[in-house]
Amino acid sequence: MAIYHAVNTTDILAVCALLAVIALPSFGAGQAVGIKHPILDHNVDKANAASYEKAVERVMAMDEEEMLAFVPDRPMRVFIQCPNCYGGAYSGVFEWSIDRPDELKCKYCGMVFPNDEFPDDQIIEGTNSLGEKFSYRYYHEPKKDINMFFRAHIMMCKRGWLLNQVLALAWAYHATGKEEYARKSALILDRIAQLYPHYPAMYQWITAFHFPAKQEPPWPRAGGKWGRWMESEIPEDSIISAYDLIYDSPALDQLSKLRGYDVREKFENDFLKATWEYINTWDDFTDNIAPSYLMRTARIGQVINEPHYVHWAYHWMLEILYGGCFYDGMWREAPSYHYQTISRIESDFRELTGYSDPPGYVDEEYGVRFDNLDPKKDNPFISRALRLLPYWISPVGSALPSTTRGPVKAAQVPA
């Protein structure tokens, strides 16, 4: 259990009771207020409203305290093994159920954790950048010298379930217009914004999970606050989409009055922007999974009306294409990575097609503005890279094995 608790529930309730009787100014100062949402295309079919409502019955049956307890108050642990049988790899070993949310069950031997046979009675302690103390319980396996953080892994399972629900609630709201769905989704997003600034940065690798030597940037690339490595710090699409879908809901204004602060502004500043600022302490974003988090950043930029995020993401997409590919269009790593990276860049280009900056905007860092952006037309080199995809697939449909081709001799990004 964390020594520090980021939010004191009793204090919050007392403050909320006081605010309820005080006339507060109107809220709604989020950066994109005045812009019609949703911005992105979510493919919500209002004809399926009944199915959207059915999908959120369980979370709607929860009271607020039970639901918000699923948002962890510190970073989660991804990698874990079963000390009883060591079945499987370091992830996907355990089953988790919303019906028994505080337990893990091994898929291979059926043992349930935590338990007394493998007690998690050891503790690691550390502080965040604010000097607040945190601790994690773990079981130490002496034979393999591995620490197993069962409860921190349960946090991951709970958070994953809740993030599915926050989007499902937003879908239900968009399909039905019922404010009770938007309110619960807003409560979850607000809770994340309350807790994230207090998260310590954690080093996290397959057999390692500990507080790094310092909490100031640059933070460990292997690890993070929200994600299990730097690249996964940018939040999931479920969060971005949920915020976009409920952005114009009166539920956010009502919650702002109850909290005494602008919920939109806090969520954008203390979470969405903070995750980008976290990863931006690094200076290279051209790895083979970068297209995914770059596009998520571009989506955030569109939803919160922060066009620089779109320019930043697009800049690094071009660096991947021209700086990571050889002159023949081949990505610098194995064929499977070529397929993964280039096909994802094509998908990102397709999604950004037609994007325009707000009127009068010129990006200060890159000195350009986008009007009806057409990435594939502006970067015909991607066609050369895409032509290689079929050549790296074997007759049975699998990617051909290969090693990295050597030092990259990259194409040049066009001016």
Side-chain angles (χ1 to χ4, degrees), residues 38-43 229-238 240-241 244 276 279 284-303 307-357 363 366 368-405 408-415:
I39 302 294
L40 307 175
D41 183 6
H42 302 280
N43 296 314
W229 51 26
M230 181 278 289
E231 292 88 345
S232 55
E233 196 70 20
I234 298 296
E236 294 83 347
D237 280 321
S238 58
I240 303 167
S241 295
D244 189 25
W276 178 78
I279 73 164
D284 181 81
F285 306 94
T286 58
D287 53 273
N288 54 49
I289 65 171
S292 295
Y293 65 81
L294 293 176
M295 194 61 233
R296 293 200 304 274
T297 304
R299 292 182 190 121
I300 291 173
Q302 294 173 74
V303 170
H308 176 65
Y309 285 18
V310 181
H311 283 258
W312 178 86
Y314 185 62
H315 165 81
W316 286 106
M317 290 174 191
L318 298 187
E319 288 292 334
I320 289 170
L321 183 63
Y322 294 98
C325 291
F326 294 87
Y327 286 111
D328 61 2
M330 179 62 191
W331 173 250
R332 63 191 181 208
E333 296 178 288
S336 61
Y337 283 125
H338 176 88
Y339 185 88
Q340 169 187 308
T341 308
I342 299 304
S343 61
R344 184 66 228 208
I345 287 292
E346 181 192 29
S347 176
D348 293 352
F349 277 10
R350 187 165 56 248
E351 186 171 340
L352 286 173
T353 298
Y355 168 80
S356 294
D357 287 324
D363 191 81
Y366 303 111
V368 297
R369 68 169 278 112
F370 294 146
D371 288 295
N372 197 24
L373 183 64
D374 193 341
K376 291 190 74 172
K377 180 180 178 181
D378 295 340
N379 301 280
F381 180 76
I382 193 173
S383 297
R384 183 180 300 181
L386 290 169
R387 281 199 302 267
L388 293 174
L389 294 181
Y391 296 102
W392 300 110
I393 303 298
S394 73
V396 297
S398 60
L400 296 174
S402 177
T403 58
T404 302
R405 295 178 67 187
V408 63
K409 297 182 182 297
Q412 184 174 352
V413 180

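Just so you know, these numbers use all the heavy atoms, side chains as well, and skip hydrogens, waters and symmetry mates.
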Donor-acceptor contact below 3.5 Å, side chain [X] vs main chain [Y]:
X    : Y    : value
H338 : A385 : yes
N379 : I382 : no
S356 : N372 : yes
R296 : P235 : yes
T353 : F349 : yes

Distance check, rounded to the nearest 0.5 Å: [X] atom [atom1] versus [Y] atom [atom2]?
X    : Y    : atom1 : atom2 : answer
M295 : I234 : CE    : CD1   : 12.5 Å
D244 : I39  : CG    : CD1   : 6.0 Å
M317 : H315 : CE    : NE2   : 12.0 Å
E236 : S292 : CD    : OG    : 12.0 Å
W316 : L294 : CH2   : CG    : 9.0 Å
D41  : S241 : CG    : OG    : 10.0 Å

Are any non-hydrogen side-chain atoms of [X] and [Y] less than 4.5 angstrom apart?
X    : Y    : answer
D357 : H311 : yes
I320 : R344 : no
W229 : D287 : no
L352 : Q302 : yes
L386 : K376 : yes

Task: Closest non-hydrogen atom pair between F381 and Y327, with its separation - done: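 Taking every non-hydrogen atom into account, CE1-O, 3.7 Å.
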Open item on the list: Which heavy atom of L40 sits nearest to which heavy atom of H42, and what is that distance?
Closed with: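 L40 and H42 have their closest heavy atoms at O-CD2, 3.2 Å.
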Task: W331/N288 under side chain to side chain contact (heavy atoms under 4.5 Å, CB included): CA gap, chis, key distance, verdict - done: CA-CA 9 Å; W331 173 250; N288 54 49; 4.2 Å; yes
- [ ] On the 0 to 90° scale, with breaks at 30° and 60°, tag the Y355-F370 ring pair as parallel, tilted or perpendicular.
- [x]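 Because their plane-to-plane angle is over 60°, the rings of Y355 and F370 count as perpendicular.
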Open item on the list: Go through it in stages, so that I can follow the logic: the residues are V310 and D363, the test is side chain to side chain contact (heavy atoms under 4.5 Å, CB included), and I'd like the CA-CA distance, side-chain angles, deciding distance and then a yes or no.
Closed with: CA-CA 10 Å; V310 181; D363 191 81; over 6 Å; no
Task: Residue of the set W276, Y314, W312 for which ring pair (Phe, Tyr, Trp, His ring centres under 6.0 Å) holds with F285 - done: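 Exactly one candidate clears the test, W312.
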- [ ] Could I get the full list of ring pair (Phe, Tyr, Trp, His ring centres under 6.0 Å) partners for Y337, not counting sequence neighbours?
- [x]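 With sequence neighbours excluded, Y337 shows a ring pair (Phe, Tyr, Trp, His ring centres under 6.0 Å) to no residue whatsoever.
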